[in-house]
Amino acid sequence: MNFVKRAGMSLRARKARTAALLGIFVVICVLLLGGFLLQGATARQEAEAQRTIGVDVTLKGKGLTPALADRLGSSPQVHRYNPRLPLEAEARGIEPLESDAPRPGGNRAGTETAPPETPPPLALNGVRDSGLLLPFSYGSSKITAGRGITPEDAGRKVAVVEQRLAEKNGLKVGGTLHVRSADGKRTVPLTVVGIYRDSTQDPSRWVPPHQLPGNVLYVPVRTVQRLSPGTADLTEAVFRIGSPKQAEHLHAEARRLLGGGSFDFRVNDKAYEDQVRPIQRAGTFAGLIVWLTAVAGALILGLIVMLQIRERRDELGVLLSLGEKKWKLIGQHAVEVAAVGLPAVAVAALAGQVAVQQAGDALLARQDSSSPRAGSPDTPADSPRMRVEPSDLGKVAGIGLGISLVSTVVPGIGILRLHPRSILTDSE
């Protein structure tokens, strides 16, 4: 009789053991599937975190121009970047904010001293991507109407104004204001595309108007260049990269572009560590689940098969005495275990999704409370949905088949040493 057919008859004859073996295999397959699903979910979330959170690198140095910042920003490891070019400008058609504190100066020893000349009242910050500015990244400044400056605004004459300045002058999104260079030679009209609120309070002592937080405007870098009397260096440039390992490549590129001059290169990876490390730990835990499940499953099923072989010695002796090959006896046990493992994969695919999703939600829960960018639009909102893919089922089926082979072949070595005469003699 064919050993495959004999395996099917054996499974039907031993329904209780078949059901118990099926239950064990379902548990093994669910744990394996859960490990693979969690690995895939953590990989997707880590990639998303690298794209949105990333690592911020701040570069400062003499000779850092907007052109050099653009060249560094075109590096393959840079996802986003933002140069900052400050400039003080005059206001046309709007009234800048003034400090409420009394201005220093006046009579001293009977002599009236004229107050020193103050610089232009508006502080322009030429930026490329206002979302990378620390006040907006960490929530001390928030857009209350409209939007911030984006890379698409590079050639546009637009501005984001502070809420206090907008309220004083009745500015709204879509309105227009004019700024003039300090020498009075160039005037640029700006369309308001956003209004933001800075949580910084006005100083208690008198300060020049351009130092008041309400007089700070964000405009594209080219707008500042139009108003600047000459070529100006950037105050800083912030580059967002995927991981701390990529910072070394960016540092080498910055050294090549800036030459031998000294520059300040700072890597801020705290937000990355707070968000990505828990995800990586969950992925490591998922891999550990897969390995432990495979090893433990092989051991458990191997012990069960070994006990079955001992209990079925008489059956094996009869088959051997009839001339059955020993490898076919081992093959019969392998087929019995594999035949139970295949439906276990299907049951695991149906029953494992709900349990695995709940476990994944617990392991991949948001780290908002510990992240310095909690509430930031760049922070991933939710853990990714885990879904059963055909590739995951293929991996589970492959490992399940491997477990069934190992758990039958290793105990089956004892079958190779069996002799029909000694088995039948012992049974008598």
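For the pair Arg240/Val78, no side-chain contact is recorded, criterion being any heavy-atom separation below 4.5 Å from C-beta on. Side-chain contact between Thr235 and Leu85 is absent, with no heavy atoms from C-beta onward closer than 4.5 Å. Counting only heavy atoms from C-beta outward, the side chains of Phe136 and Ile143 approach each other to under 4.5 Å. Inter-residue side-chain proximity for Val127 and Pro220 is flagged as unmet; no heavy-atom pair is nearer than 4.5 Å. Between Pro83 and Leu68 the shortest side-chain heavy-atom distance does not fall below 4.5 Å. Counting heavy atoms from C-beta on, the side chains of Lys157 and Thr191 never come closer than 4.5 Å. Two residues are said to be in side-chain contact when any heavy atoms from C-beta on lie closer than 4.5 Å; Val238 and Val57 fail this criterion. With a 4.5 Å cut-off on side-chain heavy atoms, Arg255 and Phe263 count as touching.
Side-chain contact, Arg128 with Asn82: no donor N or O sits under 3.5 Å from an acceptor N or O. In this structure, a donor-acceptor pair under 3.5 Å is present between the side chains of Arg277 and Gln280.
With respect to Arg197 and Glu162, no salt bridge is recorded, no charged nitrogen being found less than 4.0 Å from a carboxylate O. For Arg186 and Asp183, the salt-bridge test passes: some basic side-chain N is under 4.0 Å from an acidic carboxylate O. Look at Asp202 and Arg164 and you find a salt bridge, because one of the NZ, NE, NH1 or NH2 atoms lies within 4.0 Å of a carboxylate O, short of that distance.
A donor-acceptor pair under 3.5 Å is formed between the side chain of Ser137 and the backbone N or O of Leu133. Remark: side-chain polar atoms of Gln246 are paired, donor with acceptor, to backbone N or O of Gly242 under 3.5 angstrom. Put simply, the side chain of Ser141 never gets that close to the backbone of Ser199: no donor and acceptor are under 3.5 Å apart. In this structure, Lys168 contributes its side chain and Pro96 its backbone to a donor-acceptor pair below 3.5 Å. The backbone N or O of Ile195 lies less than 3.5 Å from a partner atom in the side chain of Thr144, making a donor-acceptor pair. With hydrogens and angles disregarded, a donor-acceptor distance shorter than 3.5 Å links the side chain of Asn215 to the backbone of Leu97. Between the side chain of Asp129 and the backbone N or O of Pro151, no donor-acceptor pair lies under 3.5 Å.
Across all non-hydrogen atoms, the minimal contact from Pro189 to Thr176 is CB-CG2, 4.4 Å. Of all the heavy atoms in Lys172 and Val192, the pair that sits closest is O-CB, 3.6 Å. Contact between Val396 and Phe36 at its shortest, heavy atoms only, is CG2-CD1, 3.8 Å.
Atom CD of Glu248 is separated from atom CG of Leu250 by 11.0 Å, given to the nearest 0.5 angstrom. Separation of atoms CD (Glu95) and CG (Leu165) is listed at 9.5 Å; rounding is to 0.5 Å. Summarising the geometry, atom OG1 belonging to Thr65 is positioned 9.0 Å from atom CZ belonging to Arg71; distances are rounded to the nearest 0.5 Å. Tyr81 contributes atom OH, which lies 15.0 Å from atom CG of Asp56 (distance to the nearest 0.5 angstrom). For the atom pair CG (Leu72) and CG (Leu64), the distance works out to 7.5 Å, reported to the nearest 0.5 Å. Atom CG of Leu87 is separated from atom NE2 of His210 by 11.0 Å, given to the nearest 0.5 angstrom.
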Requested in this report: Go through the steps to decide whether Arg147 and Asp153 satisfy the test salt bridge (Lys or Arg N to Asp or Glu O under 4.0 Å), and finish with yes or no.
Outcome: CA-CA 11 Å; Arg147 60 174 178 82; Asp153 295 322; 2.6 Å; yes

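Of the residues listed (Thr223, Val160, Asn125, Leu177), the one engaging Leu217 in a side-chain contact (heavy atoms from CB on, under 4.5 Å) is Leu177, and it is the only one.
Two rings, from His251 and Phe239, have their centers 6.0 Å or more apart.
Counted within 6.0 Å of CZ on Arg266, heavy atoms from surrounding residues, nucleotides or ligands total 12 or fewer; the atom is thus considered open.
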